[in-house]
Amino acid sequence: PPGYAQSCAAGREWDVVSTPKFVCIDSPVGGTHIPRGTPLVVRGYVGGSFENNVVVAVYRVLPDGTLETKPILQQAATARTAGGYGPGLWEITLNPAPATRPLTVRISAYFGSPRGLPEDAVTVEAAVGVVLD
């Protein structure tokens, strides 16, 4: 598809079952400043997830650099694939509450295994840090 060769999934064959499994975030790019009140559009590719699903979570980064344990936003997305085989493009739009001051966050895209792992076990993850101005 258009742009795939320049995406975060470049080098992985299109319309072929993904081995190894992966998830990546194309947009936003790490370090991006997103203006207050602007929707946060997160886009990337996933391969090898159960039913092409990915979860996107946004965590507040605390002053000491650690993450809050509970995300401030979280939503699932399903990737569009060619014929149901890996990799697939996913996109999600989140609407963060306007911040009174710049807020550094970590956007995490991940998926787990449907086979007997605890619900919160992450199999594959990608993350970027951005600032909500």
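- Rounding to the nearest 0.5 angstrom, the gap separating the CG atom in D26 from the OG atom in S7 is 5.0 Å.
- Contact annotation: the side chain of P28 approaches that of I107 to within less than 4.5 Å [non-hydrogen atoms, C-beta and beyond].
- Nearest approach of I92 to A76, heavy atoms of both residues: CD1-O, 3.6 Å.
- In terms of heavy atoms, A10 sits closest to A5 at CB-O, 3.1 Å.
- I72 places none of its side-chain heavy atoms less than 4.5 Å from the side chain of P96.
- The CD atom of Q75 lies 9.0 Å from the CG atom of N95; values are rounded to the nearest 0.5 Å.
- Grouping the Ile, Leu, Val, Met, Phe, Trp and Tyr side chains by contacts below 4.5 angstrom, directly or via other members, places L67 apart from V128.
- The shortest non-hydrogen separation linking G88 to T81 is CA-CG2, 3.5 Å.
- The OG1 atom of T32 sits 6.0 Å away from atom CD1 of I34, with the distance rounded to the nearest 0.5 Å.
- Here the CD-CZ distance, from E51 to F111, works out to 13.0 Å after rounding to the nearest 0.5 Å.
- Between atom CD1 of residue I25 and atom CH2 of residue W90 there is a gap of 5.0 Å, rounded to the nearest 0.5 Å.
- Of the N and O atoms on the side chains of T78 and N52, not one donor lies less than 3.5 Å from an acceptor on the other residue.
- Ion pairing between a basic and an acidic side chain is recognised when a charged N comes within 4.0 Å of a carboxylate O; R106 and E125 show such pairing.
- Nearest approach of H33 to P35, heavy atoms of both residues: O-CD, 3.8 Å.
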Give the table of side-chain donor-acceptor pairs shorter than 3.5 Å for residues 56-66, with sequence neighbours excluded, one pair per line with atom names and distance.
{"unit_1": "R60", "atom_1": "NE", "unit_2": "E68", "atom_2": "OE1", "d": "3.4"}
{"unit_1": "R60", "atom_1": "NE", "unit_2": "E68", "atom_2": "OE2", "d": "3.2"}
{"unit_1": "D64", "atom_1": "OD1", "unit_2": "T66", "atom_2": "N", "d": "2.9"}
{"unit_1": "D64", "atom_1": "OD1", "unit_2": "T66", "atom_2": "OG1", "d": "2.6"}

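- Both the sub-6.0 Å distance and the 45° axial angle are not jointly satisfied by R12 relative to the ring of Y45.
- Side chains of Y4 and W14 form a contact here, defined as non-hydrogen atoms less than 4.5 Å apart.
- Looking only at side-chain heavy atoms (C-beta outward), D133 and L103 stay at 4.5 Å or farther from each other.
- L89 and V42 fall into different hydrophobic clusters, where Ile, Leu, Val, Met, Phe, Trp and Tyr are joined by side-chain heavy atoms under 4.5 Å apart, directly or via other members.
- Across T104 and V131, no two heavy atoms sit closer than the pair OG1-CG2, 4.0 Å.
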